[in-house]
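Here the structure is a predicted model, which means the values were calculated and not measured. Labels below follow one simple rule: chain letters A, B, ... track the order of the sequence lines, proteins then strands, and each chain is numbered from 1.
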Protein chains: 2
Amino acid sequence: MREGPDIARIASLVGDPARANMLSALMGGTALTASELALEAGVSLPTASSHLSKLMEGGLLTLASQGRHRYYGLAGPQVAGMIEAITGVAASVGPQRVRPGPRDAAMRVARVCYDHLAGEQAVAMLDRLIDKKLLLREDKEIRLAPAAASHFAAIGISVDARPRRPVCRACLDWSVRRSHLAGTLGAAILDKILAEKWARREKDSRAVVFSPAGRQAFEKVFLA
Amino acid sequence: MREGPDIARIASLVGDPARANMLSALMGGTALTASELALEAGVSLPTASSHLSKLMEGGLLTLASQGRHRYYGLAGPQVAGMIEAITGVAASVGPQRVRPGPRDAAMRVARVCYDHLAGEQAVAMLDRLIDKKLLLREDKEIRLAPAAASHFAAIGISVDARPRRPVCRACLDWSVRRSHLAGTLGAAILDKILAEKWARREKDSRAVVFSPAGRQAFEKVFLA
DNA sequence: AGAATGCTTCGATGAGGAACGAACTATGCG
DNA sequence: CGCATAGTTCGTTCCTCATCGAAGCATTCT
């Protein structure tokens, strides 16, 4: 028998279809109410409530009560990273989807991963930032290069000097199978993309769709 | 309802305690036989076989048949990364599970791990054996040095020349977070410790408690 | 206050699946 | 060959856990 962290307990929490759907929905980064999650998972409200309390007990979710609304969200980046990792395995070994629908294609190009951008665009961006020596890949870690602070400040992104969580983190992309940028910097860049209206979030999906002009602007700033 | 990779299917594979134990055991990187995995997981051979075929069907394992032995291993780095991610979440969420009581303190010092010794004592022992160049750490593998056979024979431990299972294996210690020695050699050493009455097993626990004299003897032989 | 909404708890039902023993197949040994 | 070891398959038993309806709290609206 093995000792150590109870990985089966965590995995079995994700291993139920209803709960997995809820967690996937929460990967969008926005907290959702119990009713919304019930709808998302395709179960009744009592069932959803039961699942949510299990996820809470397991430490995978956070809860913010506001009046009669109770907003559930992912407990943190570590949980989000785990979900992405599982998604990656599921995507590469899973029963190959017969037809990758239009939405799936959009997802592959760009999507929200908890609070930052993922997909081909995001992977390309990280590659380019490392190419331009603004970020340094060290083993599996990513660090800011000296030139980074001023460069991002010029774009309008301030890099927190004393962050509560890492500024840069590598997050494995399930569709491209290579890392993209997470951490506060990754989150700030996504914020900018949406604030500048270079792209909009697809309704009820994690997909992020760039407008033609937005894509040009994005490429000029991050892929030049 | 969500669409996309079937993450629940993958997670539920990991979500069974027996399968989780098997996967954890395989995180060492060395392929193991069905019987070894049955022991690791603490289930009967038929049960283990059933689990293994499910993991195979799920694409999480690879199989290498050699004669009547069937060696199961993790399917790849992506799968290993996923297990690691889940373990990370479990570890950061898990500590709330049990408060370190007196027995847990003893467990941290020395305990039985399947058939060999684990805990601080075991980690220190492996370090010392490598220091003395009796064992060679090669990447994640551990091998016998030429001098090993005669050295262990002098202590009264015969190293099987043609073992049914690996003589040396690295086993990650959950309390120290570093490797200790598993495999037939690890098992033989534990046998000796108990046979010499240097230590006894705590009733209904994996803890191994050394007597004062026993500890001295152990340290003289293995930590000198 | 009363009604409406959002969510949780309770209780009963049902299905999936984890477990093992026994029997069967396959490989190796003498 | 016969015997031993390594694994799988089969059939049965059993128990967990997901599910939903109904009822119970809590909060807000009017």
Side-chain angles (χ1 to χ4, degrees), chain A residues 1-2 6-26 30-58 60-73, chain B residues 1-2 6-26 30-58 60-73 160-166 184:
Chain A
M1 279 276 249
R2 285 262 142 185
D6 195 348
I7 112 174
R9 181 176 145 72
I10 300 301
S12 67
L13 282 174
V14 189
D16 177 84
R19 286 193 292 262
N21 282 329
M22 291 174 172
L23 291 168
S24 293
L26 291 172
T30 54
L32 300 172
T33 65
S35 337
E36 289 170 321
L37 288 167
L39 194 68
E40 200 71 55
V43 295
S44 72
L45 226 147
T47 304
S49 182
S50 157
H51 285 308
L52 288 170
S53 55
K54 277 167 191 159
L55 289 170
M56 283 296 295
E57 199 184 354
L60 299 189
L61 297 186
T62 53
L63 173 58
S65 285
Q66 279 176 25
R68 59 181 167 183
H69 294 267
R70 309 187 62 155
Y71 288 95
Y72 291 91
Chain B
M1 280 280 246
R2 287 264 144 186
D6 194 350
I7 114 174
R9 180 176 143 76
I10 300 301
S12 68
L13 282 174
V14 189
D16 177 84
R19 286 193 293 261
N21 283 327
M22 292 174 171
L23 291 168
S24 293
L26 291 172
T30 54
L32 299 173
T33 65
S35 339
E36 289 171 323
L37 288 167
L39 275 166
E40 287 284 355
V43 294
S44 72
L45 223 141
T47 304
S49 182
S50 157
H51 284 308
L52 288 169
S53 56
K54 277 168 191 159
L55 288 171
M56 283 296 296
E57 198 183 355
L60 299 189
L61 298 185
T62 54
L63 173 59
S65 287
Q66 280 176 24
R68 59 179 168 181
H69 295 268
R70 310 189 66 164
Y71 289 94
Y72 290 92
D160 195 347
R162 275 178 48 198
R164 283 172 294 178
R165 66 185 177 110
T184 56

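For the pair A:Leu52 CG and C:dT8 P, the computed distance is 7 Å after rounding to whole Å. Remark: C1' of D:dC17 and CZ of A:Arg9 are 15 Å apart, rounded to the nearest angstrom. Atom-to-atom, CG of A:Leu39 to P of D:dC20 comes out at 13 Å; the value is rounded to the nearest Å. Note: CE (A:Met22) to P (D:dA18) measures 11 Å, nearest angstrom. Whole-Å rounding puts the B:Leu63 CG to D:dT8 C1' distance at 12 Å. Rounded to whole angstrom, the span from the CG atom of A:Leu55 across to the C1' atom of D:dA18 amounts to 13 Å.
Smallest separation of non-hydrogen atoms from A:Gly58 and A:Leu13: CA-CD1, 3.7 Å. Here the closest non-hydrogen pair linking B:Leu52 and B:Tyr72 is CD1-CE1, 3.6 Å. Closest heavy-atom contact between A:Leu61 and A:Met56: O-SD, 3.5 Å. Of all heavy-atom pairs between B:Leu37 and B:Ala25, the closest is CD2-CB, 4.3 Å. The shortest heavy-atom contact between A:Ile7 and B:Ser24 is CD1-OG, 4.1 Å.
Heavy atoms of A:Thr33 sit under 4.0 angstrom from primed sugar atoms or phosphate atoms, though from no base atom. Residue A:Tyr71 is classed as having no contact, given no heavy-atom separation below 4.0 Å to the nucleic acid.
Counting heavy atoms from C-beta on, the side chains of B:Thr33 and B:Tyr71 come closer than 4.5 Å.
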Protein-nucleic acid N or O pairs under 3.5 Å, nucleotides 14-20 of chain C:
| from | atom 1 | to | atom 2 | distance (Å) |
| --- | --- | --- | --- | --- |
| C:dA18 | OP2 | B:Arg19 | NH1 | 3.1 |
| C:dA18 | OP2 | B:Lys54 | NZ | 3.3 |
| C:dA18 | O5' | B:Asp16 | OD1 | 3.4 |
| C:dA19 | OP2 | B:His51 | NE2 | 2.4 |
| C:dC20 | OP2 | B:Ser44 | N | 3.1 |
| C:dC20 | OP2 | B:Ser44 | OG | 3.1 |
| C:dC20 | OP2 | B:Thr47 | OG1 | 2.8 |

Are any protein N/O atoms closer than 3.5 Å to N/O atoms in nucleotides 27-29 of chain D? If there are, list each pair with its distance.
none

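Between B:Arg70 and D:dT8 there is a side-chain N or O to OP1 or OP2 distance below 4.0 Å.
A donor-acceptor contact shorter than 3.5 Å is absent between the side chain of B:Ser50 and the backbone of B:Pro46. At distances below 3.5 Å, not a single donor-acceptor pair connects side-chain atoms of B:Ser49 with backbone N or O atoms of B:Leu45. Under the 3.5 Å distance criterion, the side-chain polar atoms of A:Arg19 are matched with a main-chain donor or acceptor of A:Ser12.
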